[in-house]
Amino acid sequence: MALLLSNTEQLYAQTSKGLLIKGKTISSTIGAEESHRYILNMAQSQFGYLSLMQSGVDVKVTTYDPQGKKMDEFDGPNGDSGPEFVKIISQQKGNYIIELTSLGQHDPQGNYRLTLCIQRPKAVTPTARVDELFSPWDNNTSPGGAVAVVKAGKITYKKGYGLANLEYGIPVTPATPFHIASVSKQFTMFAVMLLAEQGKLSLEDDIRKYLPEVPDFGTKITLRRLANHTSGIRDQVNLMTMAGYNVEDMVNNTHILQLISKQKELNFAPGEEYLYSNTGYTLLAEVVARVSGKSFPAFTKACIFSPLNMSSTFFNDKAETVIPGMAYSYTSTVEGFRKNLLNNANVGSTGLISTVEDLSLWTKNLINPKIGNEVLFKKMTTLDTLSNGKTYGYGLGMGVGDYKGLREISHAGGIAGYKAFITVFPDQDFSVIVLNNAAELDPRLIARQIADIYLEDQFPSQAAAASPREKPALTTTSAGQTQTPFDKTKVDLSIYTGRFFSEELATFYDFKLIDGKLIGQHLRSADFEIKPDKADEFSAGPWLYGQIKFLRNDTGNIAGCTISFNRTRNLHFNKIELPAE
């Protein structure tokens, strides 16, 4: 054992914790700058799956082979609360090391539970290897997902894993409907393209031709710019979040249009940048409705879903709709699974309900069109160009790129606990659809791992050239002198207190000094701390995760602020005077 540890990476203060036994859960406490090592004895060609539940500490898991060579790292997006799923396949007999490392150097100690759930001979057939990927969710006690593998226009493999509804123990099947979130966008764009093919609109039209309630920002915003996320229009999700909306609130297209109608600025001039914006696709759905004279769900049903026999697929613009067999969405926590409530009735940017079986018909149509045509889909899958002539990885409603040297058309989606990913390899006539109601399941990762299985003999055998690392830039004054560091401890936080109101959001925030900290408060949100970064500029978290820049008037007093949050920039707030208490 000592020899084994000496050959592996030495991280922090290491503690040997002993042998892992299948079915036995180990509970332990781990602190900052500490790592725990476990031994997993494996025969040759075995598959092992381990579940790690974190509580109050963010843990990274690293696996090592019997020679001490690093194999893989596992660090999901759950932070210091929730599960990590660890998979390991042995190439030889021997003792493998499972190393758990606390990521935060200054975090307090936290707890974890580690369980070796599966240890068995590794899968050999493609379908069994797919099942291995879904091991954490292949049971009757947790949410899960569904998969369809499509080759030459036919489903090669389909299966459901876990439960669609935990309350009633209803299993996921390939016919289970899921909310597919932003994967909806390609259908919205296809609807626009059908109208363009009929000569009823042009992608170069100004959005205000159809939606005059969209503000005049002083520059033309075309339907094309909305479709490829280069319009500069602020993202509806960020705006609603700052306005105090929660995911549980009822939100539909009318609410979003009202919010957009109050905006006064863009993030940037159209065509200058790529910045993903859900707003563009909500507006495009409204364009389809007004040009066609039908509701957006009715148009897409008549012109897309019915012709393709996608009988379980529709845009849901009524949150109260009863959907037989619908999967509920869940998040795993230390206390157990939590249901994610979703009342969203927004359609266009999201809102599509579908199944992996139905979506296989769609991917078939992308490669061999039954509706639409090859020219139309070529337009949708051609990389867009910015004003400076540069391209980026998006076309019209679809991500465009390559995976391991093969051309790939794809899109991901996520809302509440639902996640979805569709990937299409048109030259191989191959696609994978993964839909899930377990927030911890990464459908993009699994879909591409499935592609690895089925296309492993078709990937080009070429080594990627290592790109040189950029040299760090040095910051100096014009005279070449080092700038004086900003002393955050000397900032007078009291001058930033007060009430700040946004006309664009019709909402206000209070900034108060509480126990020596500057705290942001909103009627519908949790309090958050605001910390200085430099003069008059602050960062806000953990709820907002934005940047706040305070503005001064001619007398030097704080008169307002701007807030930038993810896909929304420079939202203006005026400081308002409050009556004396």
Fill in: Whether Asn238 side chain and Arg567 backbone form a donor-acceptor pair below 3.5 Å
yes
| task | Given side chain to side chain donor-acceptor pair (under 3.5 Å), test Asn340 with Tyr418 step by step and report yes or no. | result | CA-CA 9 Å; Asn340 294 283; Tyr418 295 109; over 6 Å; no
Worksheet item: Ion pair present between Arg234 and Glu504, side-chain N to carboxylate O less than 4.0 angstrom?
Response: yes
### Query
Distance-only, no hydrogens or angles: does the Glu374 side chain make a donor-acceptor pair with backbone N or O of Pro369 under 3.5 Å?
no
Begin with the C-alpha distance, continue with both residues' side-chain angles, and end with the deciding distance and a verdict on side chain to side chain donor-acceptor pair (under 3.5 Å) for Ser182 and Lys185. CA-CA 6 Å; Ser182 286; Lys185 289 180 172 65; 2.9 Å; yes
How about Phe305 and Phe314: are their ring centroids closer than 6.0 Å?
no
*Please check if the side chain of Lys419 supplies one atom and the backbone of Asp442 the other of a donor-acceptor pair under 3.5 Å.*
no
Taking Asn267 for the side chain and Arg569 for the main chain, is one N or O donor matched with an acceptor at less than 3.5 Å? yes
Result for side-chain contact (heavy atoms from CB on, under 4.5 Å) between Val347 and one of Thr188, Thr282, Asn253 points to Asn253
Please check if the side chain of Tyr330 supplies one atom and the backbone of Asn437 the other of a donor-acceptor pair under 3.5 Å. no
Margin query: Which label fits Trp137 and Phe85: parallel for a plane angle under 30°, tilted from 30 to 60°, or perpendicular past 60°?
Written below: perpendicular
Between Asp429 and Lys364, does any side-chain N to carboxylate O distance fall below 4.0 Å? no
So ring pair (Phe, Tyr, Trp, His ring centres under 6.0 Å) across residues 338-365, not counting sequence neighbours, yields Phe187-Trp362, Phe190-Trp362
Salt-bridge test for Arg225 and Glu273: reply yes if a basic N is under 4.0 Å from a carboxylate O, no otherwise. no
Only residue of His572, Lys264, Gln263 satisfying side-chain contact (heavy atoms from CB on, under 4.5 Å) with Glu503 is Lys264
Assess whether side chain to side chain contact (heavy atoms under 4.5 Å, CB included) is satisfied between Phe178 and Ile353, documenting all intermediate values. CA-CA 6 Å; Phe178 291 82; Ile353 309 300; over 6 Å; no
Item to check | NZ/NE/NH1/NH2 to OD/OE distance under 4.0 Å, Asp384 and Arg224 | outcome: no
- Message: Looking at Lys60 and Glu73, is there a salt bridge between them, counting it only when a charged N and a carboxylate O are closer than 4.0 Å?
- Response: yes
(Q) Is the ring pair Tyr403/Phe459 parallel, tilted or perpendicular, if the boundaries are 30 and 60 degrees? (A) perpendicular
Using modelled atom types only, decide if a donor and an acceptor are shared between the side chain of Arg208 and the backbone of Val214 within a distance under 3.5 Å. yes
Between Glu132 and Ala123 (side chain of the first, backbone of the second, donor and acceptor by atom type, cut-off under 3.5 Å), is there such a pair? yes
**Check against side chain to side chain donor-acceptor pair (under 3.5 Å), Asn346 and Gln236** = CA-CA 11 Å; Asn346 169 219; Gln236 64 192 43; 2.8 Å; yes
(message) Please tell me whether Tyr392 and Tyr274 form a close aromatic pair, meaning their ring centres lie under 6.0 Å apart.
(response) yes
Let's go through Asp131 and Tyr157 carefully: what are the C-alpha distance in whole Å and the side-chain angles of both, what is the deciding distance for side chain to side chain donor-acceptor pair (under 3.5 Å) to 0.1 Å, and is it a yes or a no? CA-CA 11 Å; Asp131 289 343; Tyr157 188 59; 2.9 Å; yes
- Message: Are His229 and Tyr394, when compared by the centres of their aromatic rings, separated by less than 6.0 Å?
- Response: yes
Is there a donor-acceptor pair under 3.5 Å between the side chain of Arg407 and the backbone N or O of Phe425? no
